[in-house]
Amino acid sequence: MRLRKFTVVVVTLLFGCTPAARAADSVAKKKPDRPNILYCLADDWSWPHAGAYGDKVIRTPTFDRLAKEGVLFTHAFCAAPSCTPSRAAMLTGQAPHRLAEGGNLWGFLPNRFQVYPDLLEQSGYAVGFTRKGWGPGNFQAGGWKRNPAGQNFRSLAEFLKAASGKPFCFWFGSQDPHRPYAKGSGLAAGMKLADVVVPPCLPDTLEVRSDILDYYLEAQRFDHEVGQLLKLLEAFGQLDNTIVVMTGDNGWPFPRAKANLHDSGTRQPLAVRWPAKVKGGRALDDFVSLTDLAPTFLEAAGLKPLAEMTGRSFLGLLTGGERPSGRDRVFLERERHANVRKGDLSYPVRAVRTKEFLYVRNLRPERWPGGDPEYYKAVGAFGDCDGSPTKDLILKMRNDSNTARFFELAFAKRPAEELYDLSTDPHQLVNVAAQPEFGPAKRRLRESLDRWTKETADPRATQDDDRWDTYPYFGAEARQPAQTN
């Protein structure tokens, strides 16, 4: 029943009513000189869950098409593994720690921080979004009259009608594959439990395999909807002059993933198609952050990125220009995700990821990384991890010596420093920070992280005053067991 109802809603949201589609057709066939931008953002979709990355179970023909006809990035990362700060970083082009209240989940983004949709609109673009834009949070508290992602529209067709032939920038923010899921829906759709590859940080049981299939099903729905948007633009003659970007906002909603700085929480699928300027069929292993999107969009539109943007345009990578330096690492961070620690406490972390190592600095190691074991204000016990059959199973297994390691990986307290040797430990399970032979690498990465935090004016690098603990939280209280993030 849920899927049938959703199908009806999708048709309306993507295409609008027939008269609107006809009206949009009449204006959209005018090709602007500057490129259009279609930004397609999934909610909690992780690398490498796409056919283009070799996943044999999930079916993502739209993403795979963008990868084939455009550029596939193999080392793309969100700025923070949490919806609100990740999206704020995308919109502002700035690291979350520079955005004050914008660095927390369920907060607000102060309107003193400029966002690329407004800058494009001021230069003559039509801008808009549908479904989930910036958020979750209270944008009015930040002084905004509309969502920072732009004006809200019911559908792309409705937006194109309003665009009146201008170059456009449109944000399609899906809620897929965010939890909750219809339990067993992936299996019911015909996917097979035996085909699932369970990452070693999770117990390999039929229940976990089924949970992963449910996630896959919703990620496939996102892929299908983006495909419908491409068909609409193609019918209007706009597709080839449109920069189409398809990615996710943070890692998948499983233990030791979303809200964590390991790859399962931060590494993102990313494909970009723009036939007018970008040669297709390329895979790039340069490191990019989704913070880089704002300056990239501005440069593609002929505008200069703002000086305060810490993100760097990767337009040159797309167009095949000179390979820039500094694309050998990415910096990651998090502050307060859900409000799940007594005293409204954050769990502050900073990290640097290279091809060889992941170095993580837990700034308050005395706190629980996944939230307090007891319910505090939002979500529930260990509430930085979304409720799920997989989470329930791991908590149930925590006192069994044969399976307790899954709880340790996901929820136990962590040391001040973590270091993972990716050549032997790609899933980042064994912390080698205390091993003497890795001392030189740890020092280099620690120094690199220190330089970045100072250069980008991270308050944690100077005052370290826990200001994020004091910022307001607009998420509902006592939301057990529903998902708030």
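For clarity, every value in this text was computed on a predicted model and none was experimentally measured.
- Each of F170, F172, W171 was evaluated against Y39; a single residue qualifies, W171, per the side chain to side chain contact (heavy atoms under 4.5 Å, CB included) test.
- Under the 6.0 Å distance and 45° angle rule, R336 does not count as a cation-pi partner of W468.
- In the model, T74 has no side-chain atom that pairs as donor or acceptor with a side-chain atom of D285 under 3.5 Å.
- Looking at heavy atoms from C-beta onward, M397 lies in side-chain contact with P203 at the 4.5 angstrom threshold.
- Figure legend: cation-pi geometry between K258 and W252 absent, as NZ or CZ is not positioned both under 6.0 Å from the six-membered ring centre and within 45° of its axis.
- Taking the charged nitrogens against the carboxylate oxygens, D458 and R460 have no contact shorter than 4.0 Å, which rules out a salt bridge.
- Comment: R179 engages D211 in a salt bridge, judged by a side-chain N to carboxylate O separation of less than 4.0 angstrom.
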Hey, mind stepping through H49 and Y216 against ring pair (Phe, Tyr, Trp, His ring centres under 6.0 Å) and telling me if it holds? CA-CA 8 Å; H49 305 140; Y216 275 166; 5.7 Å; yes

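- A salt bridge is absent between D195 and K56; no separation between the charged side-chain nitrogens and carboxylate oxygens falls under 4.0 Å.
- Considering only residues two or more places apart in sequence or on other chains, D372 meets the salt bridge (Lys or Arg N to Asp or Glu O under 4.0 Å) condition with none of them.
- A side-chain donor-acceptor contact under 3.5 Å links N260 and R414.
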Could you walk me through whether E447 and R444 satisfy the salt bridge (charged side-chain N to carboxylate O under 4.0 Å, His left out) test, starting with their C-alpha distance in whole Å, then the side-chain angles of each, then the deciding distance to 0.1 Å, before giving a yes or no? CA-CA 5 Å; E447 292 168 359; R444 289 194 301 271; over 6 Å; no

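- Judged by distance alone, the side chains of T453 and R350 never bring a donor and an acceptor atom under 3.5 Å apart.
- Within the structure, side chain to side chain donor-acceptor pair (under 3.5 Å) pairs that include any residue of residues 92-102 comprise Q94-R98, H97-E333, H97-T456 (at least two apart or interchain).
- Residue pairs meeting the ring-ring contact (aromatic ring centres under 6.0 Å, His included) criterion with at least one partner in residues 383-403, sequence neighbours excluded, are absent.
- Between Y376 and D344, the side chains place a donor N or O and an acceptor N or O closer than 3.5 Å (distance only, hydrogens not considered).
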Salt bridge (charged side-chain N to carboxylate O under 4.0 Å, His left out) between R364 and D464, intermediate numbers included: CA-CA 11 Å; R364 297 291 182 270; D464 198 11; 3.1 Å; yes

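- With respect to the salt-bridge test (charged N to carboxylate O, under 4.0 angstrom), the residues R341 and D469 do not qualify.
- Side chain of T242 to main chain of N36: no donor-acceptor pair is present (N/O by atom type, distance under 3.5 Å, no hydrogens or angles).
- For S86 (side chain) and D249 (main-chain N/O), a donor-acceptor pair under 3.5 Å exists by modelled atom type.
- A donor-acceptor contact closer than 3.5 angstrom is absent between the side chains of T247 and Q268.
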From CA spacing to verdict: side-chain hydrogen bond (donor to acceptor under 3.5 Å, both in side chains), R353, T266: CA-CA 10 Å; R353 169 69 154 83; T266 60; over 6 Å; no

